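To start, the structure itself, in structure tokens.
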Amino acid sequence: QVHLVESGGGSVQAGGSLRLSCEASGFTYNFYCMAWFRQAPGKEREGVALIDKHDSSTYADSVKGRFTISEDKTKNIVYLQMNNLKPEDTGIYYCAAESCGAWWQSSLPQPSYFSYWGQGTQVTVSS
């Protein structure tokens, strides 16, 4: 049974940093693409970052240069380091997983691509 558990959310002022973690279990981690999505109140869920089985990463334009996705394959944990946070980064951040090889596209997949989701962690950035 697949489980994704996010942690690390919180409230920070603009310009601050947070690191989100997503602990994965119940599947062969190394054969999956892992991604972070976020959803602001009243808005659709949007992709933030993805890392594939070759450790290649893809980012939304809005977070490039500020966010970094990484993983610890020995612990089956994927991280999202968020620096220089802005109020528009506020939302619930979700971890997602799907069986895939390499992600060759420059854009992130839609939420419907992913089969497995965590429960989400709240990030609030105040101005």
Side-chain angles (χ1 to χ4, degrees):
Q1 189 172 4
V2 175
H3 277 111
L4 301 174
V5 180
E6 301 98 333
S7 61
S11 297
V12 296
Q13 290 190 326
S17 298
L18 284 173
R19 188 177 80 157
L20 306 183
S21 299
C22 172
E23 187 168 355
S25 61
F27 60 95
T28 306
Y29 182 84
N30 288 346
F31 295 103
Y32 276 68
C33 289
M34 303 296 295
W36 288 95
F37 284 75
R38 67 186 180 190
Q39 189 165 17
K43 294 189 176 181
E44 294 186 351
R45 193 170 297 190
E46 64 174 358
V48 175
L50 175 148
I51 189 164
D52 69 15
K53 64 176 295 185
H54 301 296
D55 297 331
S56 177
S57 55
T58 304
Y59 295 93
D61 289 342
S62 59
V63 307
K64 283 180 181 176
R66 300 189 298 122
F67 291 11
T68 302
I69 189 170
S70 62
E71 58 185 354
D72 184 338
K73 292 181 179 179
T74 65
K75 298 180 179 178
N76 290 1
I77 297 177
V78 61
Y79 302 99
L80 186 68
Q81 178 67 44
M82 305 186 295
N83 298 327
N84 190 21
L85 282 160
K86 304 176 180 181
E88 52 264 43
D89 294 319
T90 294
I92 300 174
Y93 282 69
Y94 297 91
C95 177
E98 181 56 54
S99 176
C100 82
W103 185 258
W104 299 108
Q105 300 184 43
S106 60
S107 59
L108 293 164
Q110 293 298 312
S112 58
Y113 176 82
F114 292 89
S115 298
Y116 305 108
W117 293 86
Q119 83 288 350
T121 185
Q122 177 70 47
V123 171
T124 303
V125 185
S126 58
S127 58

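Bear in mind that the values here come from a model prediction, so they are computed numbers and not experimental data.
Taken together through direct or relayed side-chain contacts under 4.5 Å among Ile, Leu, Val, Met, Phe, Trp and Tyr, Phe37 and Met34 form parts of separate hydrophobic clusters. In the hydrophobic clustering of ILVMFWY residues, with side-chain heavy atoms under 4.5 Å counting as a link, Val63 and Ile92 come out apart. The hydrophobic clustering, which links ILVMFWY residues whose side-chain heavy atoms are closer than 4.5 Å, places Trp36 and Val2 together. By the rule that hydrophobic residues join a cluster once side-chain heavy atoms approach within less than 4.5 Å of another member, Leu108 and Tyr94 end up as members of one cluster.
Distance check: Asp52 CG to Glu98 CD gives 13.5 Å after rounding to the nearest 0.5 Å. Distance check: Cys95 SG to His3 NE2 gives 13.0 Å after rounding to the nearest 0.5 Å. The line from SG of Cys33 to OH of Tyr113 is 5.0 Å long, rounded to the nearest 0.5 Å.
Note on ring orientation: taking the six-membered ring where Trp is involved, the planes of Tyr93 and Phe67 are tilted (angle from 30° to 60°).
Taking Phe27 as the reference, Tyr32 meet the ring pair (Phe, Tyr, Trp, His ring centres under 6.0 Å) condition, with sequence neighbours excluded. Listed by chain and number, the residues in a salt bridge (Lys or Arg N to Asp or Glu O under 4.0 Å) with Lys43 amount to none (sequence neighbours excluded). Not counting sequence neighbours, the partners of Ser57 by the side chain to side chain contact (heavy atoms under 4.5 Å, CB included) test are Tyr59, Ile69. The side chain to side chain contact (heavy atoms under 4.5 Å, CB included) search around Asp55 returns Ile51, Glu71, Lys73, not counting sequence neighbours.
The shortest heavy-atom contact between Gly8 and Leu18 is O-CD2, 3.9 Å.
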Let me have the donor-acceptor pairs involving side chains of residues 74-89, under 3.5 Å, with sequence neighbours excluded, atom names and distances please.
{"unit_1": "Thr74", "atom_1": "OG1", "unit_2": "Asp72", "atom_2": "OD1", "d": "2.4"}
{"unit_1": "Gln81", "atom_1": "NE2", "unit_2": "Asn83", "atom_2": "OD1", "d": "2.9"}
{"unit_1": "Asn83", "atom_1": "OD1", "unit_2": "Ser17", "atom_2": "OG", "d": "2.9"}
{"unit_1": "Asp89", "atom_1": "OD1", "unit_2": "Arg38", "atom_2": "NH1", "d": "2.8"}
{"unit_1": "Asp89", "atom_1": "OD1", "unit_2": "Arg66", "atom_2": "NH2", "d": "3.0"}
{"unit_1": "Asp89", "atom_1": "OD2", "unit_2": "Arg66", "atom_2": "NH1", "d": "2.7"}
{"unit_1": "Asp89", "atom_1": "OD2", "unit_2": "Arg66", "atom_2": "NH2", "d": "3.4"}
{"unit_1": "Asp89", "atom_1": "OD2", "unit_2": "Lys86", "atom_2": "N", "d": "2.8"}

Only pairs under 3.5 Å count here: list side-chain donor-acceptor contacts from residues 117-127, not counting sequence neighbours, and write none if there are none.
{"unit_1": "Trp117", "atom_1": "NE1", "unit_2": "Phe114", "atom_2": "O", "d": "3.4"}
{"unit_1": "Gln119", "atom_1": "NE2", "unit_2": "Glu6", "atom_2": "O", "d": "3.3"}
{"unit_1": "Gln119", "atom_1": "NE2", "unit_2": "Glu6", "atom_2": "OE1", "d": "3.4"}
{"unit_1": "Thr121", "atom_1": "OG1", "unit_2": "Gly9", "atom_2": "N", "d": "3.2"}
{"unit_1": "Gln122", "atom_1": "NE2", "unit_2": "Gly91", "atom_2": "O", "d": "3.4"}
{"unit_1": "Gln122", "atom_1": "NE2", "unit_2": "Thr124", "atom_2": "OG1", "d": "3.3"}
{"unit_1": "Ser126", "atom_1": "OG", "unit_2": "Val12", "atom_2": "O", "d": "3.4"}

